[in-house]
Amino acid sequence: MHVHEAYIAANPDVYEVVRVFAQDSGAGPGVYDWSEDGPLGPTYTIAFVRGLDEREVLHGLGAEAQDIRLVSDEEVTDYRMTGISEEIVRVARAGDWTVAECKGRRGNWRESVEFLSQDGGEAIVVQRDGTAGDSFIHAVDGRAATSFTPSCPFDRQGSAPDGLNEHLRALGIDPAAGDIIDNAVPAALALASRISGIVITDTVDNVGPEAFAHEFRGLVILDPESPRLGAVISSRW
């Protein structure tokens, strides 16, 4: 049972399912309204890491130096067809941030994101996984500051659970309300964009950062035409 369905079943008199929209000119959930058969498929994780370059992020996720190389979209597709439990992670850089596209399952993203944010760093993870559960984690200086299930942003954990409330309100989410978010993962990705200043460009649908040029940088990580630096990684957590 999906988390918001479980919550509804347990609280039939108090829930309200809402679809949220940006309340200002910044990036909103609509930017990330990707279909299940889109470039990343139905299960994926996107990590945003400040202060580390591409190789450092791959190392931090468990890649061995000899395994880091250019990886094409075709290779990712072929590899996933084998059913092997390892994951392929590919990375791209935009300013101070490196973004990792992970097409696989990792046992504990909290430990990963805390590790990547050590020594004054910052990292964000948005996971879409209908089986294991969706998640949003924002870590600063080695600690999870704010984490929650994207469909239930009212149930926030971490050392600073209210630290992102201003961003949540800008996305049309009342941090104090018990609302279930219908477009939960797109809203979580938009939240990550507002924290990092990075908008991921979906080249398939020609969605660009032009509307957010003064506030955000565009980053293409979904382009199937060219290889990107990546590695096959066995889960280390």
About how many Å separate CD1 of I195 and NE2 of H167, when rounded to the nearest 0.5 Å? 5.5 Å

Side-chain contact, heavy-atom cut-off 4.5 Å: Y32 with I200? yes

Considering the options V91, V57, D96, which one meets the side-chain contact (heavy atoms from CB on, under 4.5 Å) requirement together with L52? V57

Counting only N and O atoms by type, is there a donor-acceptor contact under 3.5 Å from the side chain of T146 to the main-chain atoms of A160? yes

Are the side chains of D129 and W109 in contact, using a 4.5 Å heavy-atom criterion? no

State whether the side chain of R228 and the backbone N or O of S72 hold a donor-acceptor pair below 3.5 Å, judged by distance alone. no

Do D162 side-chain atoms and N165 backbone N/O form a donor-acceptor pair below 3.5 Å? no

Between the main-chain N or O of I181 and the side-chain N or O of D179, is there a donor-acceptor pair closer than 3.5 Å? no

Do any N or O atoms from the side chain of R93 and from the backbone of G95 form a donor-acceptor pair under 3.5 angstrom? yes

Might you confirm whether atom CZ of R143 has over 12 heavy atoms from other residues, nucleotides or ligands at distances under 6.0 Å? no

Checking side-chain contact (heavy atoms from CB on, under 4.5 Å) for the pair L164/F136: CA distance, chi angles, key distance, verdict? CA-CA 12 Å; L164 301 179; F136 173 93; 3.7 Å; yes

What distance separates F154 CZ from T149 OG1, expressed to the nearest 0.5 Å? 8.5 Å

Considering only heavy atoms from C-beta outward, does the side chain of I198 approach that of S193 to under 4.5 Å? no

Heavy-atom side-chain contact between D33 and N183 under 4.5 Å: no

Measure the CZ-CH2 distance between R128 and W34 for me, rounded to the nearest 0.5 Å. 10.5 Å

Consider only side-chain heavy atoms of I, L, V, M, F, W and Y, link residues closer than 4.5 Å, and tell whether L70 and V232 are in one cluster. no

Do you know which two heavy atoms are closest between L171 and A187, and how far apart they sit? CD1-O, 3.7 Å

Any salt bridge linking R90 with D73? Criterion: basic side-chain nitrogen under 4.0 Å from a carboxylate oxygen. yes

side-chain hydrogen bond (donor to acceptor under 3.5 Å, both in side chains), that's the test. Do E122 and H138 meet it? Break it down for me. CA-CA 8 Å; E122 185 175 9; H138 176 223; 2.7 Å; yes

Taking all heavy atoms of F48 and all of I46, pick out the closest pair and write down the distance. CE1-CG2, 3.6 Å

For a quick test of your reading: what N or O donor-acceptor pairs under 3.5 Å do the side chains of residues 113-120 make, sequence neighbours left out?
unit_1, atom_1, unit_2, atom_2, d
E114, OE2, A144, N, 3.1
S117, OG, V113, O, 3.2
S117, OG, E114, O, 3.1
S117, OG, G142, N, 3.0
Q118, NE2, F115, O, 3.2

Please examine the side chains of V71 and V76, heavy atoms only from C-beta on, and report whether any two atoms are closer than 4.5 Å. yes

Assess the side chains of R110 and S147: does a donor N or O sit below 3.5 Å from an acceptor N or O? yes

In the structure I gave you, are the side-chain heavy atoms of H59 and I68 within less than 4.5 Å of one another anywhere? yes

Enter the distance from S151:OG to I180:CD1 here, rounded to the nearest 0.5 Å. 5.5 Å

Is a donor on one side and an acceptor on the other found under 3.5 Å between the side chain of E101 and the backbone of V99? no

Closest contact, heavy atoms only, A22 versus G28: CB-CA, 3.8 Å

May I ask you to check whether over 12 heavy atoms, not counting those of E74, lie within 6.0 Å of atom CD? no

With distance as the sole test, does D67 use its side chain to make a donor-acceptor pair with the main-chain N or O of I233 at under 3.5 Å? no

With a 4.5 Å heavy-atom cut-off, do T45 and V125 have their side chains touching? yes

Which atom of A94 lies closest to which atom of R217, heavy atoms considered: O-NH2, 3.7 Å

Can you get from V140 to F148 by hopping between Ile, Leu, Val, Met, Phe, Trp and Tyr side chains that sit under 4.5 Å apart? no

What one should report as the nearest heavy-atom pair of V20 and P29 is O-CG, 3.7 Å

Hey, is the main chain of L191 close enough, under 3.5 Å, to the side chain of R194 for a donor-acceptor pair? no

Nearest heavy-atom approach of A231 to L58 is N-CD2, 4.3 Å

Is there a donor in the side chain of Q127 and an acceptor in the side chain of S135, or the other way round, less than 3.5 Å apart? yes

pair R156-L168: side-chain heavy atoms closer than 4.5 Å: yes

